[in-house]
Amino acid sequence: MLSRIAESLFWIGRYVERADGTARILDVHLERLNHLPAADQRSVAQELLGVMGSRADADEFGLTELLQSLAFDRTNATSIAGSLAAARENARRARETVSSSLWECLNTTYYGLSQHRKDVVGTYRFCNWVLERTAMVRGLADTTMSHDEGWLFLVLGRSLERADMTARMLSTREVHTAGMSWVNMLRCAGAYESFLRTRRTAFDEGHAAEFLLMDRLFPRSIVYALRDADDALAKLDPSDTRVGFINDARRIVGQARTFLEFHRTDDLMVELPEHMERVQKAVAQTSDAVSRKYFNRADEQAWVGEVS
Amino acid sequence: MSDLFEDYSVAAERTGAYDEMFAPRQTARPSYGHLAQALAGLDLTDVTSRADSMARTFLDKGVTFDYAGEERPFPLDLVPRIISAGDWDVLERGVAQRVRALEAFLNDVYSKMAVVADGVVPRRLITTSKHFHRQVHGFEPAGGVRVHISGIDIVRDAAGTFRVLEDNVRVPSGVSYVLENRRAMAKGLPEAFSQQPIRPVEEYPRRLLSTLRKTAPAGVDEPTVVVLTPGVYNSAYFEHTLLAGLMGVELVEGRDLICRGNRVYMRTTAGEQRVDVIYKRIDDDFLDPLQFRSDSMLGCPGLVNAARAGGVTIANAVGNGVADDKLVYSYVPDLIRYYLGEEPIVANVDTYRLEEDDAREEVLDRLDELVVKPVDGSGGKGLVIGPSATREELDTLRKRVLADPRGWIAQPVLQLSTVPTLSGDRFGPRHVDLRPFALNDGDDVWVLPGGLTRVALKEGSLIVNSSQGGGSKDTWVLAQSPDVPVEAEPRHSISIRERTSVWPVESNWRDRQAEQQQQ
């Protein structure tokens, strides 16, 4: 398939997952933030923004501004609206490759973006709507596209972004003033009920972190997402044989995953933020490696000579 | 007839045009009989809610065109334009004839120029055309075809006679709306379909692909076909994606392509892959910076040489624009006689050649009565309609014509035929034209039954271009009679061979259902 199209599919996967993850995180944090006095709201809002990979451009950055930058700002690809707009733009570029139901779903989502109230109450509804729409996108992608190369790029983008989002979420544990509980953390990942069912009774934060980091059956755990990414990469590059060099992307993903899998939870917990930063870095490096291997093209109009 | 048509015939007669649906005194013409019945059963609420829902569907599906950087749904009107089987027979033969003549003309222009030697057209007609490209002189297109895809614009004058308005053999667009309009209408006005056999349009993409494959360079057994688009900001981008998607081929941009050794390759995740046929949706000027505009990043360097060397088929061929030149248009009836030895089946619109002194003098005297068009324009750009132009516009026009008489033609103002079109709370007569699409695979010219009917949505307006506020209508070609099957040719159905199913006979779906119920 065309490199350019493969790249678009990869980014559709990433952006849609980002919108979904950001909506979950925002939804849960809004509840906490609402309870805080204005001064605390500001500092927590700024920290949260930092975790999501952005920086406040003014001191007066509070709840309203947070909603704007994480939910509604279409010019910014870290916001929900920005991600969904970017996903739709990528789908528009790859329109003959994505299924028409997937395209229509992204397109109507894009047109629906402007129909939400931009206050706190409106944002809850907005987040919910985003979770529904992104679920629909995933469902349609999985059921209306052949699970061929194009779909694999989409899944690859999705899994990498998912690992990244869970890592970001676990970093927000550092937003101490917000008093994020592990219960809320689990809710951010949509994992609370799964977790309860797995653990049934007594648990502490160590168990919760373990679940989000390494549960092999829960799809939003980091280990699960990284394994998904690895599977997609393996199918995309069937050339690797029994011994020898595996491509860069797989090496990085594999290292990150095994690092988590073969460490004791207690040890990981001591330096959780550092480890989560490593996961995010690994995702970024994998993304670069994929880009180099599959999407890279001579961007300049190469003149390679001609027989006349 | 419901109130929606109240006073329709009064308004229709006032336009002085031929109304496609109603003969004078509001009697529906035979081909519109069933439709009139279907519409009579609808009231304003029905009609507007259906129209709204069709518009909404187009926006959701992204059936849009790009207008000044904004994506707009292409307005589709609820009342189709209907063409009787008899009328279609004339149009179909007329269009195919024209395509064959233009194909012969282009072939001649870029080789022997016998048409000039034989005195049918003056040499300067060709050499002064802006779209005559010396770069492709002596060029024999791979596959032997130059006009693979054409769109011949046709109108109906006040007497009800069909006339060709212009030829588009460079990059005619609009066929995607033909396909989408039909799908939308089947949902928007289902009751009108069940009454009569309407010839289907959905085989177009398959026909297009087979035309493109058939004209691949010699020696290529399984040709790789791509559609070349200038990108997402092109006004016809939706069409490019739809055609590539329906043909199941890649939609490439110039930067996806690379030329080497007179072969063309595309950059894929598995390395470079050879491309054999390019359906280009880019103007020649932007196709190859080595040959044409060196500042263009839309094309790919080396394409023209590759095509010239027979390493790739470009459809439509580079240099076809000379046949689109509106001064050349005025000679097409002669070209039909010269190349085919036939009389034109569909007439031209009377046309003044402004480089001829007598014609120019007459036109300059009557500027306020005529339509004056630039010979190399498209999309209605630069055209001046005398009766609705201001004095200043006419003065400017006069100066421009005098400065460059070769650059303009003039035609009488045609009262294009009208079709009822929803406007506010009722149907009013609005002017339409028709663009049938034809495919030429070298052996045969196939004309898609129908085509794109464009409609001027503003009352009294004669300008149907989408960029100037036009909309469209579904175009129905009626099959000969209800007894004749609708299919133009037998469907390629899955042939059922002997009943040697690989499935055990007893395991049919009913068993599985029973199984499910037991659980």
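Lettering of chains follows the sequences in order, A, B, ..., and the numbering in each one begins at 1. Any value given below was found using the heavy atoms of this structure, including those in side chains, with hydrogens, waters and symmetry copies removed.
Atom CZ of B:R274 sits in a crowded spot, with more than 12 heavy atoms from other residues, nucleotides or ligands closer than 6.0 Å. For A:R74, the CZ atom sits in a packed shell: over 12 heavy atoms of surrounding residues, nucleotides or ligands are nearer than 6.0 Å.
Contact of B:R263 with chain A is not made at all, since no heavy-atom distance falls under 4.5 Å. A:F153 touches chain B through its side chain: at least one heavy atom from C-beta onward sits under 4.5 Å away, while N, CA, C and O do not.
Contact count versus chain A (heavy atoms, under 4.5 Å) is highest, among B:H240, B:E253, B:E250, B:Q273, for B:E253. Interface check for chain A: of the options B:V249, B:L59, B:V252, the most heavy-atom pairs under 4.5 Å are formed by B:L59.
Taking the side chain as every heavy atom from C-beta outward, A:V98 and A:L154 never approach each other to under 4.5 Å.
Using cut-offs of 30° and 60° on the angle between ring planes, the pair B:F74 and B:Y177 is tilted. Using cut-offs of 30° and 60° for the angle between ring planes, the A:F295 and A:F10 rings count as tilted.
Taking non-hydrogen atoms and a 4.5 Å limit, the residue list of residues 80-91 of chain A in contact with chain B, ordered by number, reads A:R88, A:E89.
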Evaluate the criterion side-chain hydrogen bond (donor to acceptor under 3.5 Å, both in side chains) for residue pair A:D20 and A:T134; output intermediate values, then yes/no.
CA-CA 6 Å; A:D20 174 86; A:T134 52; 3.1 Å; yes
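The existence of a salt bridge linking A:R257 and A:D230 is confirmed by a sub-4.0 Å separation between a basic side-chain nitrogen and an acidic carboxylate oxygen.
Residues B:S176 and B:E239 share a closest heavy-atom pair of OG-OE1, 2.6 Å.
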